[in-house]
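Taking it in order: structure first as structure tokens, then the write-up.
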Amino acid sequence: MMRLLHIVVCIISAFTITFTENVEAYNKSVEITKGINDLDKVILHGYKGTSVEVYLYGAQVTSWKNEHNEEMLFVSSKAIFKPPKPIRGGIPICFPQFSNLGPLQSHGFARNSFWTIDIDPPPFTPNVTNSVFVDLLLLPTEEDLKIWPHRFEYRLRITLGPKGDLILTSRIKNTNTDGTPFTFTFAHHTYFSVSNISEVRVEGLEKLDYLDNLKNRTRFTDQGDAITFNSETDKIYLSTPSKISVLDNEKNRTFVIRKDGLPDAVVWNPWAEKAKTIVDLGEDDYKQMLCVEAAAIEKPIKLMPGEEWKARLELSAVPSCYFRGKNDSNKVLEGT
Ligand SMILES: *[C@@H]1O[C@H](CO)[C@@H](O)[C@H](O)[C@H]1NC(C)=O
Ligand SMILES: *[C@@H]1O[C@H](CO)[C@@H](O)[C@H](O)[C@H]1NC(C)=O
Ligand SMILES: *[C@@H]1O[C@H](CO)[C@@H](O)[C@H](O)[C@H]1NC(C)=O
Ligand SMILES: *[C@@H]1O[C@H](CO)[C@@H](O)[C@H](O)[C@H]1NC(C)=O
Ligand SMILES: *[C@@H]1O[C@H](CO)[C@@H](O)[C@H](O)[C@H]1NC(C)=O
Ligand SMILES: CC(=O)N[C@H]1CO[C@H](CO)[C@@H](O)[C@@H]1O
């Protein structure tokens with residue numbers, strides 16, 4: 001009976017989503033304000049109270065709320081909003097190096113650099129209609145050039161779509177004037193907020209090859225039907241599909257990750273022991289978070305002078321519905 005009721009609720013939710021697509025009059029606004037420790041912050045206000053918050057420090061999205069004012073992203077209870085420490089949570093950007101796979105500090109310097117608002121960016125395509133967005137820009141400082149001797153322009157558009165979707169569009173251009181190419185690795189290190197990590201499932205990565213960061217990045221092939229969590233996990237899935245889902249069974253919510261130009265996907269949860277060694281992560285925080293990161297790691301991106309690389313990450317949260325182990329969230333997703 002409860003199951004049936006739930007399915008009915010899910011179908012109604014699906015209709016609600018379809019219906020709201022056609023509503024045009026909603027509050028679109030961009031608010032520039034101050035966040036924790038007086039750091040500059042931009043708030044995007046979208047349809048029916050949906051919102052996104054972005055710190056210019058790191059161009060880091062730290063909040064993404066749906067129309068019920070529910071937070072979709074995890075930020076550590078012990079996050080330190082004090083440069084040069086990166087912010088623990090939300091969506092850090094790993095550029096120009098993922099992890100310690102190179103000479104730079106782990107995850108590169110974009111996540112602890114000060115970005116600026118890009119007043120007049122070259123046109124973005126597609127330009128999502130009925131959306132609210134902010135354009136940010138990162139240029140290397142003299143200090144950056146000492147550790148990574150390459151000139152670049154990194155333009156990031158952060159968009160809150162008309163249905164509350166969060167879209168990050170990256171454009172990175174090699175502006176070296178000495179004719180040299182550069183290579184980089186990249187990740188949007190998204191921390192999703194989940195109700196109970198033990199009840200979460202990731203779909204879309206089954207049977208794929210991955211590098212296990214806990215086993216010296218040895219390559220394995222995933223054997224399971226779906227990815228679930230009961231211990232520390234740190235894997236780089238390779239050549240992944242453009243759509244990955246994170247199912248939060250307790251919340252009846254599915255995060256849908258759609259990506260373009262980002263072939264790899266990192267799945268990370270530190271679990272209890274490792275969590276204790278991370279100073280800016282609360283002891284029990286690992287239970288409420290899961291990182292599923294859209295990335296380009298296995299094959300570093302190489303850019304010739306004047307060349308530009310583009311990537312897109314789109315996150316949405318939809319009600320997920322189950323019946324005898326099956327889901328019909330595809331119904332909700334149809335046409336999106
Ligand atoms: C739209 O958002 C702005 C910024 O938060 C707020 O001041 C204003 O009251 C909102 N308007 C409506 C109609 O919700
Ligand atoms: C994108 O479209 C919006 C209208 O939906 C317009 O206001 C904005 O100027 C466009 N931006 C760019 C960079 O083309
Ligand atoms: C999380 O899920 C696990 C496995 O189902 C369960 O044992 C545990 O009690 C749950 N934790 C909470 C806080 O509900
Ligand atoms: C880890 O892998 C590298 C190369 O893939 C190898 O040189 C090194 O010996 C390995 N270390 C361990 C502890 O297995
Ligand atoms: C999720 O769905 C189940 C029925 O399948 C229902 O009992 C439960 O209350 C729902 N949970 C939430 C948080 O909506
Ligand atoms: C989130 C999601 O869509 N999960 C699965 C639901 O079931 C279909 C098959 O019926 C799968 O293709 C989806 O990946």
Side-chain angles (χ1 to χ4, degrees), residues 1-10 13 62-80 87-92 189-208 210 212-215 220 222-237 243-257 265-293 315-330 332-333:
M1 189 58 209
M2 280 308 287
R3 284 277 172 204
L4 258 179
L5 194 68
H6 179 55
I7 286 167
V8 170
V9 170
C10 280
S13 318
T62 54
S63 170
W64 169 38
K65 286 184 178 162
N66 67 9
E67 61 190 65
H68 306 298
N69 205 36
E70 292 167 336
E71 182 56 67
M72 246 77 76
L73 298 177
F74 166 88
V75 174
S76 168
S77 56
K78 288 189 178 169
I80 299 163
I87 301 166
R88 173 78 57 193
I91 314 182
H189 196 309
T190 310
Y191 288 76
F192 289 102
S193 167
V194 298
S195 44
N196 180 349
I197 185 66
S198 302
E199 296 285 337
V200 169
R201 199 157 63 129
V202 175
E203 288 186 357
L205 303 174
E206 314 78 25
K207 312 279 190 272
L208 296 181
Y210 64 86
D212 194 336
N213 279 326
L214 303 178
K215 295 193 176 125
F220 294 96
D222 191 273
Q223 303 294 343
D225 286 333
I227 292 148
T228 54
F229 302 89
N230 53 27
S231 61
E232 184 182 1
T233 304
D234 191 355
K235 295 174 178 175
I236 305 171
Y237 284 85
K243 182 183 152 196
I244 299 169
S245 307
V246 177
L247 290 80
D248 185 337
N249 292 344
E250 253 176 56
K251 278 211 178 103
N252 299 330
R253 175 196 285 157
T254 298
F255 293 110
V256 181
I257 301 163
V266 182
V267 178
W268 183 63
N269 184 290
W271 220 257
E273 286 307 307
K274 178 65 73 62
K276 284 181 197 148
T277 69
I278 303 175
V279 290
D280 57 350
L281 193 65
E283 201 170 314
D284 283 334
D285 279 357
Y286 76 94
K287 295 175 182 168
Q288 263 82 56
M289 57 156 276
L290 176 65
C291 290
V292 180
E293 312 168 28
L315 304 178
S316 45
V318 297
S320 48
C321 312
Y322 289 86
F323 188 58
R324 295 200 185 107
K326 295 213 168 190
N327 70 73
D328 64 354
S329 60
N330 279 4
V332 181
L333 293 174

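Each ligand, and each atom within it, is numbered from 1 in the order the structure gives. All residue numbers refer to positions in the sequence shown, counting from 1.
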* Structure fact -> Output for ligand 3, non-hydrogen cut-off under 4.0 Å, lists N196, S198, E199
* Asked: Under the ring pair (Phe, Tyr, Trp, His ring centres under 6.0 Å) test, which residues partner Y237, sequence neighbours left out?
  -> Y210
* To do: Could you tell me which non-hydrogen atom of M289 sits nearest to which non-hydrogen atom of P270, and how far apart they are?
  =>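 So the minimum-distance heavy-atom pair works out to CE-CD, 3.6 Å.
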* Of all heavy-atom pairs between V202 and L205, which one has the smallest distance, and what is that distance? -> CG1-CD1, 3.9 Å
* **Cationic N near anionic O, under 4.0 Å, D248 to R201** => no
* **Results of salt bridge (Lys or Arg N to Asp or Glu O under 4.0 Å) for E199 - residues two or more places apart only** => none
* Structure fact -> Residues at least two apart in sequence or cross-chain that pass salt bridge (Lys or Arg N to Asp or Glu O under 4.0 Å) with K78, listed by chain then number, are none
